[in-house]
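What's counted below: heavy atoms across the whole structure, side chains too, no hydrogens, waters or symmetry copies. Numbers restart at 1 for each chain; the letters A, B, ... are given by sequence-line order, proteins then strands.
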2 protein chains.
Amino acid sequence: MSTIKDAAIAAGVSTATVSRVLNNTGPVSESVRERVERAVAEIGYRPNALARSLRTESTGTIGLIVSNILNPFFTELARAAEDVAIAEGFTMILGNADEIAEKEERYIRELLEKRVDGLLLNPAVAKAPHIKEIVDRGVPVVLIDRSVEGVTAPLVRADGTPAIGELVAHMVALGHRKLGIISGPRELRNGLERYEAFIAASSAIGYPVQPQHIAFGDFERESGAAAMRRLMSAGDPPDAVFVANGRMTLGALEALKSLGIRVGQDVGVASYDDDPFFSLLDPALTAIEQPTAELGRLAMSALLGRIRGGGADELEPLHSRLIIRRSCGETE
Amino acid sequence: MSTIKDAAIAAGVSTATVSRVLNNTGPVSESVRERVERAVAEIGYRPNALARSLRTESTGTIGLIVSNILNPFFTELARAAEDVAIAEGFTMILGNADEIAEKEERYIRELLEKRVDGLLLNPAVAKAPHIKEIVDRGVPVVLIDRSVEGVTAPLVRADGTPAIGELVAHMVALGHRKLGIISGPRELRNGLERYEAFIAASSAIGYPVQPQHIAFGDFERESGAAAMRRLMSAGDPPDAVFVANGRMTLGALEALKSLGIRVGQDVGVASYDDDPFFSLLDPALTAIEQPTAELGRLAMSALLGRIRGGGADELEPLHSRLIIRRSCGETE
DNA sequence: CACGTCACTGTAATGCATTACAGTAAAGCA
DNA sequence: TGCTTTACTGTAATGCATTACAGTGACGTG
């Protein structure tokens with residue numbers, strides 16, 4: 001692999017001149033510029049980003065670490081975030097923590113050693129001293145969807161509370177009285193928020209969720225299946241269940257199918273997170289949709305802003321939106 | 001951010017010794033090792049991977065560029081590939097080309113400048129001089145699912161031909177005579193292969209696909225919808241349609257739904273690529289499943305093998321598998 | 001004509017970690 | 001005792017690109 005020195009020799013100039021031509025910094029005569037460009041093309045010289053970044057102390061790279069790459073929420077978010085990064089001249093690299101704190105930690109360490117300019121994090125756990133540490137050290141960080149104890153980095157998220165309130169009203173209006181929930185971990189900010197919103201709304205409307213209608217999962221597919229199985233196999237099953245994320249909804253629907261319980265007729269189901277397939281199911285699934293792409297764009301913009309030295313703006317949460325379809329019963 | 005020099009001063013030793021402690025290279029007395037470790041922890045020193053890689057000429061990083069991150073096939077594959085990379089002490093970074101050759105090219109250039117040790121590519125197009133160039137220059141590359149003109153890098157893929165043959169037999173056995181296909185681009189290796197397999201099998205069994213029952217898409221959701229709409233709106237619609245990938249199947253099903261055409265009853269549908277939601281549809285969708293995770297593992301293993309100097313082994317294709325459900329009609 | 005200015009180009013220091021080479025002291029051996 | 005190992009540690013070169021600083025010649029101005 002050729003170096004800038006090779007290019008300089010091939011063009012008969014100094015390395016400084018080659019650098020000036022390539023980065024458009026400082027004046028270069030037209031004839032020299034052409035010679036250099038020809039030489040660079042000739043020998044196929046590609047600057048070594050390691051050396052450059054070592055010198056300039058910036059890599060033009062953002063790391064995005066998501067908790068679960070199999071969750072379409074994150075791939076959509078990643079795609080939107082990446083668009084912003086590219087438009088601003090940055091490269092984004094994506095890491096997957098698989099909801100495992102150690103994997104997350106490993107990625108963070110690795111990306112930091114590679115000197116990324118900033119980090120977009122969707123923390124796997126709320127108690128994350130490694131995240132607190134890097135934020136305190138001054139690494140530009142923006143959190144997505146989940147906060148971390150003691151960390152003051154900006155948080156990009158969608159507030160689901162109003163939509164969950166509407167959902168509860170919708171369920172009750174359709175005659176459901178025994179509301180159930182398959183919640184995510186209450187240790188996670190988003191898990192807790194959805195849980196509390198559902199419980200509070202059900203109480204407010206006069207049909208509080210009963211303890212035996214509450215199940216907890218870990219936001220993964222399998223836990224959704226197990227939770228639904230538990231709920232429906234008990235003596236007194238709920239008649240409408242709210243599942244707190246898309247991955248668990250997939251599992252929950254699989255469980256219902258294997259149990260022979262019909263969605264909509266035997267039990268109402270609604271999901272936090274929408275999915276293109278929900279419309280294709282029979283009945284189509286009522287869901288709360290997050291503004292996924294906007295979250296991604298907002299997160300990346302906020303991070304780039306911080307990197308460029310902008311203030312630590314507190315971010316307004318976006319809003320999730322209830323999409324009524326037919327899985328809680330017929331509306332008319 | 002502290003450097004190895006800071007750590008050396010804090011520990012009262014030379015930078016060489018710090019390096020030796022951290023990398024476990026060369027002998028160090030127990031007392032010094034402790035002192036260094038304490039100092040490193042104390043000042044929170046993290047080695048600068050840029051400097052290290054510049055010196056050692058290796059980054060321990062693999063780039064994986066997929067053509068479309070919204071396709072679950074690739075996220076699953078990525079996850080499996082990443083597992084292998086981590087187990088072997090490498091980091092994987094994921095880029096998304098969005099089926100756009102320029103984006104792909106940009107990513108490749110960028111990753112190469114960052115001096116990744118190797119590249120896993122799912123080329124967006126078959127005519128890709130930029131890929132040929134880097135392979136010729138000796139960059140370790142393994143191709144996934146699609147080959148590139150004139151490039152001799154190993155190719156990891158699943159052969160779908162036998163499964164497609166079985167699918168055609170299955171369709172015909174259920175009484176379908178007017179077989180249709182929504183194919184991917186024939187310019188792409190995988191697109192062409194699935195197309196040819198379906199056409200050949202239908203001819204072999206005595207019910208060759210008619211020209212008006214052939215539509216082409218670009219492996220993206222929208223094109224699947226458009227193609228299905230075209231096929232079904234013509235005067236003489238097919239009575240069973242094979243859709244050549246999962247994303248197009250999603251679009252095709254949406255089109256049928258909006259057209260009010262019932263899957264299974266009015267028209268048979270089968271998909272290349274399986275999806276967890278297919279089992280939940282009514283009727284459940286017959287599909288050809290690729291060994292996605294294995295493809296990912298195999299691709300990463302092959303690449304790491306090359307990087308470590310292994311030969312350019314020609315890789316046997318894996319095999320896709322037909323999963324008969326009920327979307328082409330009832331079997332009994 | 002003398003001097004300042006400008007355009008262009010080169011020299012060399014710099015960023016940080018690795019590592020070849022060399023040096024020192026202690027231990028082993030004849 | 002004298003010499004070779006061995007264990008440990010340090011010095012300095014190295015990888016590659018950027019950039020502060022300096023140098024050269026041409027040009028403009030009073």
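Checked by atom type and distance alone, the side chain of B/Asp145 never pairs as donor or acceptor with a backbone atom of B/Arg157 at under 3.5 Å. Side-chain N or O atoms of A/Ser58 include none that pairs as donor or acceptor with a backbone N or O of A/Thr56 at under 3.5 Å. Put simply, the side chain of B/Asn68 gets close to the backbone of B/Leu70: a donor and an acceptor are under 3.5 Å apart.
Comparing the axis of the opening five pairs of the helix from C/dC1-D/dG30 to C/dA30-D/dT1 with that of the closing five pairs yields an angle of 50°, rounded to 10°.
The CD1 atom of B/Ile9 sits 18 Å away from the P atom of D/dT9 (whole-angstrom rounding). Here D/dC8 presents its C1' atom at 12 Å from CZ of B/Arg35, a figure rounded to the nearest Å.
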* Structure fact -> Heavy-atom contacts, protein to nucleotides 12-18 of chain D, under 4.0 Å, summarised as B (base), S (sugar-phosphate only) or - (none) per nt, yield -BBBBBB

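Looking at A/Leu303, A/Ile131, A/Leu112, A/Val142 one by one, the single match for side-chain contact (heavy atoms from CB on, under 4.5 Å) with A/Leu119 turns out to be A/Leu112. If you run salt bridge (Lys or Arg N to Asp or Glu O under 4.0 Å) between B/Arg146 and each of B/Glu187, B/Glu104, B/Glu99, only B/Glu99 comes through.
For A/Thr17 and B/Val13, each mapped to the nucleotide of DNA chain D holding its nearest heavy atom, the one lying further toward the 5' end belongs to B/Val13.
Between A/Asn96 and B/Met92 the shortest side-chain heavy-atom distance does not fall below 4.5 Å.
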* Asked: Run the salt bridge (Lys or Arg N to Asp or Glu O under 4.0 Å) check on A/Arg35 and A/Glu30 step by step: do they pass?
  -> CA-CA 9 Å; A/Arg35 262 213 331 272; A/Glu30 203 40 52; over 6 Å; no

